Amino acid sequence: MKILFADDEKSLQKLMGLELPRLGHTVTVCPDGVTAIAALEKEDFDCLLVDLDMPGKGGIDVIKKAKETRPDTEAIILTGKSSTESAIAAVEFKVFAYLTKPCRLMELKTLLEGVYKKREQDRRIKALTSRLDRIEGKSKLIGDSGAMEVVNKMIAKVAPSNSAVLIRGETGTGKELVAKAIHDQSLRHAQPFVAVNCGALPENLIESELFGHRKGAFTGAEETRIGLFEVAHGGSLFLDEIGELPKALQAKLLRVLETGEIRRVGENASIKVDVRIISATHRHIEDMVQDGDFREDLMFRINTFEIQLPPLRERTEDIPLLAEHISRRFWPTIPMTHTVFATETIHALKSHSWPGNVRELANVVEHATILCEELPIQPQHLPRRFSEQSPSSSGERPELRAVSGPMSLRELEMQAIHEALDRHDGSKPQAAEELGISLKTLYNKLNQATAGEKTA
């Protein structure tokens, strides 16, 4: 790091001029506060290491000057005369540490390592935030259909409260975006919004992920870690696919919602947290309650206010706006006056059933932007399943025979397989996942169909 050291003790000036470079830092040594402020006017520093009491200008004056031009500058105060006033000033300017002289070099080394880690973490957070803003933009819901107007009104109603919200809707409808919109319009908007997919975490790690753990609490717990409830303190925690939460964790989540307290894995003491819970699911929670897979008391706790998100096929009038909005993620330099999609392309998009909803639309638009070399995007730039031509009989896969009467169970099964393959551009692993069968089973059924056609 670039460090500014300011102290009127010559012995310390010499010591830091030698030792800080040995620790891997670049250091500018100043004999007083006035010289330090002058140095700040010429260049920026990552960290200030300043004496509190110096001739002319003190350490607080130096820190104040640095924070005016670069608020993310960290500061460590060294002083031989600690006082309540100086401690209050240190808190006001968010000083990283406050050391009383004499201090050990190893102690200072540890603090500087902490400053470095904090700055690296801040950089990563800023980079991720910037990246998300570019990809997702603001949490504005795109669409002016009647269905989306209802959703927006419900968001505006519930956002200012602290009520738990359950967002229902099919996979890919944008439930996380709705959760983010609720947070952004709430009184907690300046605090963290933390999202976690309950179905994407291994069952043995969900508790640790949500509540944190103590060092040594289980094999692999090499250090104490805070959970997402603590990370979201003061803000909102979005529990996506809450229907996938294991039954044992449902009881612990219920306790947190009732008491406002969490307990890290391996610890006995409870920690108070202030978190608003927003949940989402594509499953029918009431049926899960009847089957004994979901706690009824937890269902009532998370469902104080419910928002039903419509599938894309019920808001087709929003497809042109959504498609253009998504396209500008990939072509951000396109002037707003340009026509992105041809009329025929919009017609094809609006005629599709959209089983994957907005997520599927995003994939289709990305596919089209890759193929299209010149605007507007034409129907031929869309994935193969949008083609109005009959599928090619090139022998890549057996086609279903046309039938005028009832179809057999085998024919219905093969139709479902081929439709899934079309939706996923021929990807057998993705089709198998959608159909809920193994890839081996899918290949067996396709091979059986091929063998049947050759015999015929």
Side-chain angles (χ1 to χ4, degrees), residues 155 158-168 175-176 178-218 220-221 223-286 288-289 291-307:
I155 291 172
V158 75
S161 71
N162 278 319
S163 298
V165 181
L166 177 63
I167 305 167
R168 296 182 189 251
K175 295 187 286 293
E176 183 170 347
V178 172
K180 185 66 164 59
I182 293 171
H183 174 78
D184 287 347
Q185 295 179 39
S186 74
L187 301 177
R188 299 170 177 261
H189 62 87
Q191 301 303 319
F193 173 81
V194 179
V196 58
N197 188 324
C198 299
L201 294 172
E203 186 172 340
N204 61 327
L205 293 180
I206 295 179
E207 184 176 4
S208 170
E209 193 74 17
L210 292 177
F211 308 128
H213 62 254
R214 188 186 66 181
K215 180 179 179 180
F218 51 85
E223 59 182 19
T224 297
R225 179 180 178 182
I226 66 171
L228 295 180
F229 268 91
E230 287 181 79
V231 174
H233 180 69
S236 305
L237 179 61
F238 175 52
L239 300 174
D240 197 7
E241 298 303 344
I242 194 169
E244 310 302 323
L245 200 65
K247 198 74 177 288
L249 263 295
Q250 292 176 26
K252 294 184 179 181
L253 176 60
L254 178 64
R255 180 183 176 277
V256 174
L257 297 180
E258 290 177 341
T259 65
E261 295 180 346
I262 63 167
R263 187 177 298 165
R264 292 176 184 167
V265 178
E267 288 190 356
N268 294 322
S270 296
I271 301 170
K272 198 78 175 175
V273 290
D274 173 24
V275 176
R276 181 185 193 172
I277 297 295
I278 305 174
S279 309
T281 183
H282 73 282
R283 303 183 66 178
H284 197 270
I285 296 291
E286 289 79 5
M288 295 181 66
V289 170
D291 295 338
D293 296 325
F294 201 87
R295 293 180 63 108
E296 186 176 36
D297 45 6
L298 179 58
M299 179 186 70
F300 292 134
R301 274 285 180 180
I302 64 174
N303 196 13
T304 303
F305 191 90
E306 180 179 315
I307 296 178

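Note that the structure is predicted; figures quoted are calculated from it, not measured.
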First locate atom [atom1] of [X], then atom [atom2] of [Y], and finally report the distance between them rounded to the nearest 0.5 Å.
{"X": "L249", "Y": "E207", "atom1": "CG", "atom2": "CD", "answer": "6.0 Å"}
{"X": "E306", "Y": "L166", "atom1": "CD", "atom2": "CG", "answer": "5.5 Å"}
{"X": "E230", "Y": "K272", "atom1": "CD", "atom2": "NZ", "answer": "14.0 Å"}
{"X": "D293", "Y": "E244", "atom1": "CG", "atom2": "CD", "answer": "10.0 Å"}

Do any N or O atoms from the side chain of [X] and from the backbone of [Y] form a donor-acceptor pair under 3.5 angstrom?
{"X": "Q250", "Y": "L245", "answer": "yes"}
{"X": "R263", "Y": "N268", "answer": "yes"}
{"X": "Q191", "Y": "V275", "answer": "no"}
{"X": "R301", "Y": "L254", "answer": "no"}
{"X": "H233", "Y": "D274", "answer": "yes"}
{"X": "K247", "Y": "G292", "answer": "yes"}

Within-4.5 Å side-chain heavy-atom neighbours: [X] and [Y]:
{"X": "I302", "Y": "L257", "result": "yes"}
{"X": "S236", "Y": "I182", "result": "no"}
{"X": "R188", "Y": "N162", "result": "yes"}
{"X": "N303", "Y": "R168", "result": "yes"}
{"X": "M299", "Y": "M288", "result": "no"}
{"X": "K175", "Y": "E241", "result": "yes"}
{"X": "L210", "Y": "L239", "result": "yes"}
{"X": "S161", "Y": "R276", "result": "yes"}

Legend entry - Ion pair check, K215 and E267, cut-off under 4.0 Å: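 No salt bridge links K215 with E267.
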Inset, instruction - Return the orientation label for the F229 and F211 ring planes: parallel under 30°, perpendicular over 60°, tilted otherwise. - result: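 Aromatic pair F229/F211 classed parallel.
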Minimum-distance pair of heavy atoms, taken over all atoms of [X] and [Y]:
{"X": "R295", "Y": "D297", "result": "NH2-OD2, 2.8 Å"}
{"X": "G243", "Y": "T281", "result": "N-OG1, 4.1 Å"}
{"X": "A217", "Y": "G266", "result": "CB-CA, 4.0 Å"}
{"X": "A179", "Y": "F238", "result": "CB-CD1, 3.5 Å"}
{"X": "H183", "Y": "G235", "result": "CE1-CA, 4.3 Å"}

Inset, instruction - For E223, look at atom CD and say whether over 12 heavy atoms of other residues, nucleotides or ligands are found less than 6.0 Å away. - result: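 No, the 6.0 Å shell around CD holds no more than 12 heavy atoms from other groups.
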Legend entry - Test log, rule side chain to side chain contact (heavy atoms under 4.5 Å, CB included), inputs T224 and R264: CA-CA 9 Å; T224 297; R264 292 176 184 167; 3.5 Å; yes
Inset, instruction - Apply side chain to side chain contact (heavy atoms under 4.5 Å, CB included) to the pair V289 and I285, showing each step before the final yes or no. - result: CA-CA 6 Å; V289 170; I285 296 291; 4.3 Å; yes
